[in-house]
Asker: 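Structure provided below as structure tokens; questions to follow.
Quick note on labels: first sequence line is chain A, next is B, and so on, each numbered from 1.
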Number of protein chains: 2
Amino acid sequence: MKVTISDVAKLAGVSTATVSHTINNTRYVSNETKEKVYRAIAELGYTPDASARSFRTGKKKIIGFIVPDIANKFFATMIESVEKYLSAHGYQLIIANTRENMEREETNIRLLTAGLVDGLLVASTMDDFQRFDALIPAGFPVVLVDRVFEEKKYSSICVSNFQPIYRSVCRLAGKGDRRIGITGGLPRLSSTQERISAYRQAMADCGLPEEEGLIQYGDSLENSACACLDKLLERRCDAIIVCQGMMASETIIYLHQKGIRLGKDIDLVSFVDYDSDVYTLYADQMDTIIQPVEELGEAAGEEILKRVESPEAPIFEKVLTSAYKPCSLSVGPVRGEA
Amino acid sequence: MKVTISDVAKLAGVSTATVSHTINNTRYVSNETKEKVYRAIAELGYTPDASARSFRTGKKKIIGFIVPDIANKFFATMIESVEKYLSAHGYQLIIANTRENMEREETNIRLLTAGLVDGLLVASTMDDFQRFDALIPAGFPVVLVDRVFEEKKYSSICVSNFQPIYRSVCRLAGKGDRRIGITGGLPRLSSTQERISAYRQAMADCGLPEEEGLIQYGDSLENSACACLDKLLERRCDAIIVCQGMMASETIIYLHQKGIRLGKDIDLVSFVDYDSDVYTLYADQMDTIIQPVEELGEAAGEEILKRVESPEAPIFEKVLTSAYKPCSLSVGPVRGEA
DNA sequence: CTGAAAGCGCTTACAG
DNA sequence: CTGAAAGCGCTTACAG
């Protein structure tokens with residue numbers, strides 16, 4: 001049979017209140033009494049029932065994280081880092097995987113907010129803020145991660161998407177590239193939109209012609225790079241910017257198989273999954289943009305716990321910066337000079 | 001204020017029992033009554049409190065998964081597949097990440113089994129069965145995944161480790177390799193042990209000399225491959241078997257950087273993370289062993305739900321088989337023949 | 001310094 | 001066909 005707090009109280013010869021208080025250190029208990037309680041707990045092998053406790057206090061000590069694609073190393077690493085922060089603060093993390101599907105996101109938000117978690121981290125796949133907002137119970141602690149909405153109703157932690165892409169275009173233009181193609185993730189995502197608009201602005205600023213066909217979109221999941229690349233190659237690009245981490249390795253492989261040499265036949269800049277050792281191989285052949293995933297996760301954990309403790313805290317927006325790692329051979333001769 | 005079942009009952013003019021039964025479809029309710037209830041629910045925006053419900057019923061509809069390393073794509077993919085199965089059956093998944101640390105595993109098992117989840121999936125990093133067993137409350141539904149103990153007390157879903165490694169050695173021996181090195185994960189893990197013992201047996205069966213220095217162990221996390229490789233290369237191996245998925249890409253990169261050509265200077269066989277597109281690049285240069293991660297996850301989900309429903313169900317052991325993908329150029333001339 | 005008791009929001013025998 | 005009420009295992013004012 002299940003051992004309850006009353007069993008302990010009975011055996012220790014005290015009230016359940018005293019047992020509860022000694023366990024939780026929530027009011028003074030004399031040392032003798034404490035000892036009796038602990039002895040009884042040990043003898044019975046008592047463990048407080050988390051589900052009763054959270055029902056009673058309304059606190060589950062669980063945070064939910066709605067993730068678009070758990071097999072994407074960017075998110076997997078972020079989850080790891082969020083989990084690390086939370087567990088250090090006595091919280092557990094529940095993951096829900098949407099695979100960039102809005103209905104799945106909807107279902108999961110409903111489920112998790114219905115008494116399962118104390119707060120929610122969301123890397124949303126939605127583009128409609130009203131629809132998203134309607135799912136969140138009033139006052140429920142929410143932090144948007146990596147992807148934001150224009151409406152600033154929720155706290156958010158994300159990465160500056162504009163700067164690295166703008167810089168990429170400038171660097172490529174500086175090398176003499178004129179036809180610069182770009183592949184992004186799902187067009188509806190704020191991250192994709194920011195990146196594409198940085199591209200557009202930089203192209204204009206550098207005086208390079210824009211062309212719709214030079215912009216291609218994938219689905220932010222695996223195996224969408226090749227179709228994009230085919231279209232870009234048709235357009236005879238000098239350079240390609242891959243602004244979606246999942247596409248990076250696919251791109252490298254695909255170009256390799258086509259016999260197109262990086263840094264020679266084509267210039268490449270790519271967002272890269274954090275910590276992915278594969279790219280060190282290509283450090284001398286391409287520029288890489290590395291997102292601060294771990295900081296992102298930690299900041300997200302910090303902010304959601306803050307909101308759980310004080311739901312009325314002011315909205316907070318944090319924008320982190322990616323590292324831009326120029327091709328290690330970029331000091332070589334500019335094309336056309338040789 | 002929170003809307004409760006009594007608010008609904010009051011507004012609908014029925015008892016809480018009736019509200020509960022119409023929500024859960026758990027006894028006959030007349031259509032008119034149902035309609036009154038649903039109208040009240042809609043009007044008040046009522047959502048049943050999951051935490052009260054699970055406290056009452058003792059069922060949380062949550063499964064816990066203790067994972068050694070969530071950033072390892074093998075486990076990330078498995079999580080995805082478990083989560084898919086569970087959510088299709090109305091369950092949520094909670095992840096705990098141990099980073100191959102026994103203390104963290106202990107803490108997490110204690111936490112999760114104390115009323116947080118209905119059942120537990122564990123890819124354990126422990127080698128001491130007694131210690132593990134002591135953490136599990138009597139009768140608590142547990143399924144071991146990927147890694148097992150000799151004691152057959154719990155159900156398990158894992159992959160046959162013996163066969164692919166045995167075959168690797170035979171294939172390499174058949175190519176004329178004699179000095180075959182192997183790198184494994186943590187020595188304490190059953191998966192590592194099975195692989196190494198398959199190697200030993202195959203080496204003996206093929207009449208190849210064994211040598212302690214040809215066996216190297218990593219830590220089953222990222223960045224442990226290079227040290228192993230250094231030691232193997234010192235021993236002047238003809239071939240290397242990488243029997244830990246995380247090490248695969250590190251190995252390829254490292255050999256590449258050293259100017260050692262796959263299939264020419266050295267033969268390589270490697271376990272490979274599921275679905276990892278990088279390896280298609282090397283399909284003509286190495287043998288790969290691909291584990292059935294998705295099936296593993298699905299089978300694990302199936303078994304844990306079975307045990308949650310009927311905890312007394314007989315112990316079940318499932319062993320899946322990996323795909324062995326021989327190097328696509330292996331039909332070429334055997335070394336020494338040319 | 002500690003206890004008696006209410007109550008969190010549900011579900012579910014029991015009763016009619 | 002439906003209701004009154006007990007009770008799941010805790011925590012926490014209230015009281016002394």
Asker: Side-chain contact, heavy-atom cut-off 4.5 Å: A:V142 with A:L120?
Answerer: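 Yes, side chains in contact.
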Asker: When you compare the side chain of A:R147 with that of A:P68, does any pair of heavy atoms fall below 4.5 Å?
Answerer: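 When only atoms from C-beta onward are counted, A:R147 and A:P68 do touch, with a gap below 4.5 Å.
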Asker: Do A:Y154 and A:D133 have side chains that get closer than 4.5 Å, going by heavy atoms?
Answerer: yes
Asker: State whether A:R53 places a side-chain N or O below 4.0 Å from either non-bridging phosphate oxygen (OP1 or OP2) of D:dT11.
Answerer: yes
Asker: If I take atom NZ in residue B:K2 and atom P in nucleotide C:dC8, what distance separates them, rounded to the nearest angstrom?
Answerer: 12 Å
Asker: Specify the residue among B:T26 and B:A52 whose closest nucleotide of DNA chain C lies further upstream toward the 5′ end.
Answerer: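 Nearer the 5' end of the strand: B:A52.
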Asker: Does CD in B:E151 sit with more than 12 non-hydrogen atoms of other residues, nucleotides or ligands closer than 6.0 Å?
Answerer: yes
Asker: Without decimals, in angstroms, what is the distance between A:I23 CD1 and D:dT11 C1'?
Answerer: 11 Å
Asker: Compare all side-chain heavy atoms of A:D69 with those of B:E80 and state whether any distance is below 4.5 angstrom.
Answerer: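 Side chain of A:D69 against side chain of B:E80, heavy atoms only: contact under 4.5 Å found.
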Asker: Starting at NZ of A:K10 and ending at P of D:dG9, how long is that distance when rounded to a whole Å?
Answerer: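 One finds 12 Å between P of D:dG9 and NZ of A:K10, rounded.
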Asker: Rounding to a whole Å, what distance do you find between A:N25:CG and C:dT2:P?
Answerer: 13 Å
Asker: Distance-only criterion, 3.5 Å: show the donor-acceptor pairs between side-chain atoms of residues 37-49 of chain A and protein atoms not counting sequence neighbours.
Answerer:
residue	atom	partner	partner atom	Å
A:Y38	OH	A:T22	O	3.4
A:D49	OD2	A:S51	N	3.2
A:D49	OD2	A:A52	N	2.7

Asker: Using a cut-off of less than 4.0 Å, is there contact between a side-chain N or O of B:S30 and OP1 or OP2 of D:dT2?
Answerer: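 So the side chain of B:S30 is within the cut-off, an N or O lying under 4.0 Å from OP1 or OP2 of D:dT2.
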Asker: Just say parallel, tilted or perpendicular for the rings of A:F149 and A:F129, cut-offs at 30° and 60°.
Answerer: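 The rings of A:F149 and A:F129 stand perpendicular, inter-plane angle above 60°.
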Asker: With a 4.0 Å limit, can you tell me whether B:T57 has a side-chain N or O closer than that to the phosphate oxygens OP1/OP2 of C:dC10?
Answerer: no
Asker: Rounded to whole Å, how long is the line connecting atom NZ of B:K59 with atom P of D:dC8?
Answerer: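 Roughly 17 Å, once rounded to whole Å.
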Asker: Starting from P on D:dG9, measure out to CG on A:L44 and report it in whole angstrom.
Answerer: 14 Å
Asker: Nearest whole Å is fine: how far is D:dC8 P from B:F55 CZ?
Answerer: 8 Å
Asker: How long is the line joining CG of B:N31 and P of D:dC1, in whole Å?
Answerer: 10 Å
Asker: What nucleotide, of D:dT11, D:dC1, C:dC10, holds the atom closest to the side chain of B:Y28?
Answerer: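 The nucleotide sitting nearest to the side chain is D:dC1.
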Asker: What would the secondary structure line of DNA chain D be in dot-bracket form, counting Watson-Crick and G-U wobble pairs under 3.5 Å, with [ ] for pairs that cross earlier ones and | for pairs with another strand?
Answerer: |||.||||||||.|||
Asker: Could you check whether A:S20 gets within reach of a base, just the sugar-phosphate, or nothing at all, counting any heavy atom under 4.0 Å?
Answerer: base
Asker: Does the side chain of A:E105 reach to within under 4.5 Å of the side chain of A:F132, using non-hydrogen atoms?
Answerer: yes
Asker: Mind running side chain to side chain contact (heavy atoms under 4.5 Å, CB included) on A:T125 and A:N101 for me, showing each step along the way?
Answerer: CA-CA 7 Å; A:T125 195; A:N101 181 121; 5.8 Å; no
Asker: Distances for protein N/O vs nucleotides 3-7 of chain D N/O pairs under 3.5 angstrom?
Answerer:
residue	atom	partner	partner atom	Å
D:dG3	OP2	B:S15	N	3.0
D:dG3	OP2	B:S15	OG	3.1
D:dG3	OP2	B:T18	OG1	2.5
D:dG3	N7	B:R27	NH2	2.8
D:dG3	O6	B:R27	NH1	2.6
D:dG7	N2	B:R56	NH1	2.8

